[in-house]
Amino acid sequence: MIKTLILSAASAFFLLSAPSATAGHHEKGEAENHIHSAKKSIEKAVSNNVLRSERDMERDQYRNPVATLDFFGVQPNMTVAELGPSSGWYTRILAPLTVENGKYIALNNSPTPGERYERGMQWRETFIEHKSGMFGHNASARFIGQTVPFAAPNSVDTVLIIRGMHGQIGRGDVNGLLAEVLETLKPGGVLGIVQHREREDFDTDPKETMRGYVKQSYIVDLVKKAGFELAATSEINANKKDPADWENGVWALQAGKPIAEKDQKFREIGESDRMTLKFVKPVK
């Protein structure tokens, strides 16, 4: 009798638990499918993209855009901000990726009074005007470091700083910049950083010495002190061929030139050795 009661109770527990387990498995499957679909969208934005030039695509072997954006968890329905889009190498990938269901925000530093102030102030309008064919109305250009944050608090999914942290550190208010990024990101949102990697045995201060390279330990310490958590690191963009000891810094590698126009030794090296760091805004 007791054995029968135990078996009955066990059967009842199994029946009650089974739907929950099945639901959990179903949710996991949906999440995996969503991630897989997002990666496919990234691949399409990289390889099947009329906006990208041959010169853009010859850089893929060094910049690994599919693996990099996938590592940062970028998805087509996200709000993605890119700090310092410059000539638009990543912009031309993010455009078709976010144009239908997401949102793209181009970010630039607020212009300082001086010779380039007028041109800096016009950047917001000219950037979107030139990129309107890519984005339509589904994009905006903002300055960072002004009295009003570039986006509402807790509204952005991902902020990307690609090969640009050395410039932000050199400008002097990198802590204010990181505070603004932290405020605008959603809880759990990602700050993705790709940066030329300085050798740890070099005695350099990126605030004083503009080499383009920054120590990974320096970046990690700086961003963690700003309130972020380091979620993951990757060697996706590492390059052991780069000794990172150039007298003129990272610019010696002639990254701005087409590969065919580079000096032979720099063609063999490729581009710089880079860290790839994924930080997240803590979920409280």
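In what follows, every heavy atom counts, from backbone to side chain, and hydrogens, waters and symmetry copies are set aside.
- Proximity of a side-chain donor or acceptor of K215 to a complementary backbone N or O of F202 within less than 3.5 Å is detected.
- Between R163 and N237, the closest side-chain pair of non-hydrogen atoms is not below 4.5 Å.
- One hydrophobic cluster, built from ILVMFWY side chains closer than 4.5 Å, cannot hold both V159 and V280; they sit in different ones.
- Criterion: ILVMFWY side-chain heavy atoms under 4.5 Å apart, direct or through other members. Under it, L185 and V174 are part of a common hydrophobic cluster.
- In summary, E268 and K241 do not engage in a salt bridge, as defined by a charged side-chain N under 4.0 Å from a carboxylate O.
- The shortest distance between side-chain heavy atoms of M165 and L222 falls below 4.5 Å.
- Expressed to the nearest 0.5 Å, how far CE of M78 lies from CG of L94 amounts to 12.0 Å.
- The minimum heavy-atom distance between V214 and I169, with the atom names listed, is CG1-CD1, 4.1 Å.
- Just one of N108, L160, L177 meets the side-chain contact (heavy atoms from CB on, under 4.5 Å) condition when paired with L83; it is L177.
- Side-chain contact between L178 and K225: absent, with no pair of heavy atoms (C-beta onward) separated by less than 4.5 Å.
- When all heavy atoms are compared, the tightest approach of P96 to L51 is CD-CD1, 4.1 Å.
- Two residues are said to be in side-chain contact when any heavy atoms from C-beta on lie closer than 4.5 Å; R197 and R274 fail this criterion.
- Judged by distance alone, the side chain of R92 and the main-chain N or O of S87 form a donor-acceptor pair under 3.5 Å.
- A donor-acceptor pair is defined here as one N or O able to donate and one able to accept, closer than 3.5 Å; no such pair exists between the side chain of D70 and the backbone of A67.
- With a 4.5 Å cut-off on side-chain heavy atoms, R52 and I93 count as touching.
- Across all non-hydrogen atoms, the minimal contact from P149 to T147 is CD-O, 3.8 Å.
- In the model, T209 has no side-chain atom that pairs as donor or acceptor with a side-chain atom of R211 under 3.5 Å.
- A continuous path of ILVMFWY side-chain contacts below 4.5 Å connects I161 to I105, so both sit in one hydrophobic cluster.
- Counted within 6.0 Å of CD on E54, heavy atoms from surrounding residues, nucleotides or ligands total 12 or fewer; the atom is thus considered open.
- Residues F71 and T233 approach most closely at CZ-C, 3.7 Å, considering heavy atoms.
- Tracing side-chain contacts under 4.5 Å through hydrophobic residues (I, L, V, M, F, W, Y), one never reaches I259 starting from W89; they form parts of separate clusters.
- With a 4.5 Å cut-off on side-chain heavy atoms, I42 and L97 count as touching.
- Between Y213 and W246, the ring center distance fails the sub-6.0 Å criterion.
- Distance OG1/T91 to OH/Y104: 3.0 Å, rounded to 0.5 Å.
- Considering OG of S140 and CG of L107, their distance stands at 8.0 Å, rounded to 0.5 Å.
- Between the N64 side chain and the Y62 main chain, a donor and an acceptor come within less than 3.5 Å of each other.
- T276 OG1 to E235 CD: the interatomic distance, rounded to the nearest 0.5 Å, is 7.5 Å.
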*Go through the steps for R63 and T68 under the test side chain to side chain contact (heavy atoms under 4.5 Å, CB included), then give the verdict.*
CA-CA 8 Å; R63 301 180 180 181; T68 300; over 6 Å; no
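- Two residues are said to be in side-chain contact when any heavy atoms from C-beta on lie closer than 4.5 Å; P258 and E58 meet this criterion.
- Within the structure, every pair that satisfies the side chain to side chain donor-acceptor pair (under 3.5 Å) test and touches residues 172-192, not counting sequence neighbours, is listed here: D157-K186.
- Distance OG/S234 to CZ/F72: 8.0 Å, rounded to 0.5 Å.
- The two residues G145 and S110 have their closest heavy-atom pair at C-OG, 3.9 Å.
- Side chains of V181 and F228 form a contact here, defined as non-hydrogen atoms less than 4.5 Å apart.
- Under 3.5 Å, the side chains of R171 and Q168 contain no donor-acceptor pair of N or O atoms.
- A donor-acceptor pair under 3.5 Å links the side-chain atoms of R59 to the main chain of A255, judged by distance alone.
- M57 and V46 are not part of a single hydrophobic cluster, where members link through side-chain heavy atoms under 4.5 Å apart.
- P187 and V283 get closest at one heavy-atom pair: C-CG2, 3.8 Å.
- The existence of a salt bridge linking E271 and K262 is excluded, since no basic side-chain nitrogen approaches an acidic carboxylate oxygen closer than 4.0 Å.
- Relative ring orientation between H166 and W251 is described as perpendicular, the plane-to-plane angle rising above 60° on a 0-90° scale split at 30° and 60°.
- A salt bridge links D205 with K207: at least one charged nitrogen is closer than 4.0 Å to a carboxylate oxygen.
- Residue E43 places its CD atom among more than 12 non-hydrogen atoms of other residues, nucleotides or ligands, all under 6.0 Å distant.
- Q75 CD to T98 OG1: the interatomic distance, rounded to the nearest 0.5 Å, is 13.0 Å.
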